[in-house]
Each structure stands twice: as C-alpha cells, then as structure tokens.
Amino acid sequence: TLATQTGVMEASIEEQKAINEFRKAKNDISMEIKEAYYNFEKAKIQLSSTEKELEYRKKESAISTEKYKLHKIDATQHIQALIAETDAYAAVFEAKTFYCVSFHALEKATGSKLN
C-alpha cells in the first residue's frame with residue numbers, strides 16, 4: 001500500500017540521516033584526537049627546548065655575574081644576561097602550561113585518563 005511504501009521511504013531516509021550523523025561524529029572525534037595528540041607532542045618538544053634554553057641562560061647569567069664582579073663587563077651587559085635568564089624562566093612556565101593544557105585535551109579527546 002501507499003502508506004506502507006511511504007513509511008518504508010521515511011524509515012530509509014531516517015536511517016541515512018543517522019548513518020551520516022554517525023560518520024560526521026566519528027570524523028569529528030578522530031580529528032579532535034589527532035589535533036590533541038599533535039598539540040601534546042608539540043608541547044613535549046617545546047618544554048624540552050625551553051628547559052635547555054633555561055639551563056644555558058642560567059650558566060650565562062652565572063658567568064655574567066662573575067665577569068661583572070671582576071669589572072670585565074658593565075652593568076648593562078650584566079642586566080641583559082639576568083633579563084635573558086628571567087625570560088627563559090617565563091618561557092618554561094608557558095611551556096609547562098601548554099603541556100598541561102594539551103595533556104588534558106588529549107585525555108578529554110580519548111575519553112580516558114592517561115599516565
């Protein structure tokens with residue numbers, strides 16, 4: 001009958017809508033996980049890099065302090081070294097923040113606690 005055929009067509013249309021919604025949700029989740037993983041890997045590299053930079057700046061600052069005490073450099077040069085060290089500390093703090101944010105975004109995207 002016509003009513004049965006209409007019902008079957010409507011059911012088929014609804015099924016296709018549900019399949020399309022499922023595919024879209026699956027793709028969205030996949031993209032979210034990939035992006036979160038990429039950001040997490042980027043954060044690890046950034047953190048490592050900024051920590052190395054900080055170690056370098058600490059040594060440079062210590063050398064600068066000794067040179068300043070021996071009057072080998074002027075106050076401006078010494079202050080520049082101290083500012084560079086402070087900037088390096090700030091960069092490490094920012095990198096740690098980004099690491100934490102990206103770690104939790106990855107946990108959210110995967111739906112599980114990571115260690």
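Owing to the predicted nature of the structure, the values given are computational and were not obtained by experimental measurement.
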Side-chain polar contacts of residues 102-109 - donor-acceptor pairs under 3.5 angstrom, sequence neighbours left out - could you list them?
from	atom 1	to	atom 2	distance (Å)
Ser102	OG	Phe98	O	3.0
Ser102	OG	Tyr99	O	3.0
His104	ND1	Glu107	OE1	3.2
Glu107	OE2	Leu114	N	2.9

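Taken to the nearest 0.5 Å, the NZ atom of Lys42 stands 10.0 Å off from the CD atom of Glu35. The OG1 atom of Thr97 lies 10.0 Å from the CD atom of Gln46; values are rounded to the nearest 0.5 Å. Atoms CD1 and CG, from Ile79 and Asp74 in turn, are 9.0 Å apart once rounded to the nearest 0.5 Å. Between atom CG of residue Asp87 and atom CD of residue Glu94 there is a gap of 9.5 Å, rounded to the nearest 0.5 Å.
The closest side-chain heavy-atom distance from Ile83 to Gln80 is not below 4.5 Å. For the pair Glu51 and Lys96, the minimum side-chain heavy-atom distance is below 4.5 Å. Between Ile73 and Ser64, some side-chain heavy-atom pair lies under the 4.5 Å cut-off.
For the side-chain hydrogen bond (donor to acceptor under 3.5 Å, both in side chains) condition, the pairs that include at least one residue of residues 13-27, sequence neighbours left out, are Lys24-Asp28. Counting only residues at least two apart or in different chains, salt bridge (Lys or Arg N to Asp or Glu O under 4.0 Å) contacts with residues 58-67 comprise Glu55-Lys58, Arg57-Glu60, Glu66-Lys69.
Every residue was checked against the side-chain hydrogen bond (donor to acceptor under 3.5 Å, both in side chains) condition with Thr76, not counting sequence neighbours, and none meets it. With sequence neighbours left out, Ser61 forms a side-chain hydrogen bond (donor to acceptor under 3.5 Å, both in side chains) with Glu85. Evaluation of the side-chain hydrogen bond (donor to acceptor under 3.5 Å, both in side chains) rule for Ser112 yields Thr110 as partners, not counting sequence neighbours.
Checking side-chain atoms of Ser48 against main-chain N and O of Lys44 turns up no donor-acceptor pair under 3.5 Å. In this structure, the side chain of Gln5 does not engage the main chain of Leu2 through any donor-acceptor pair within 3.5 Å.
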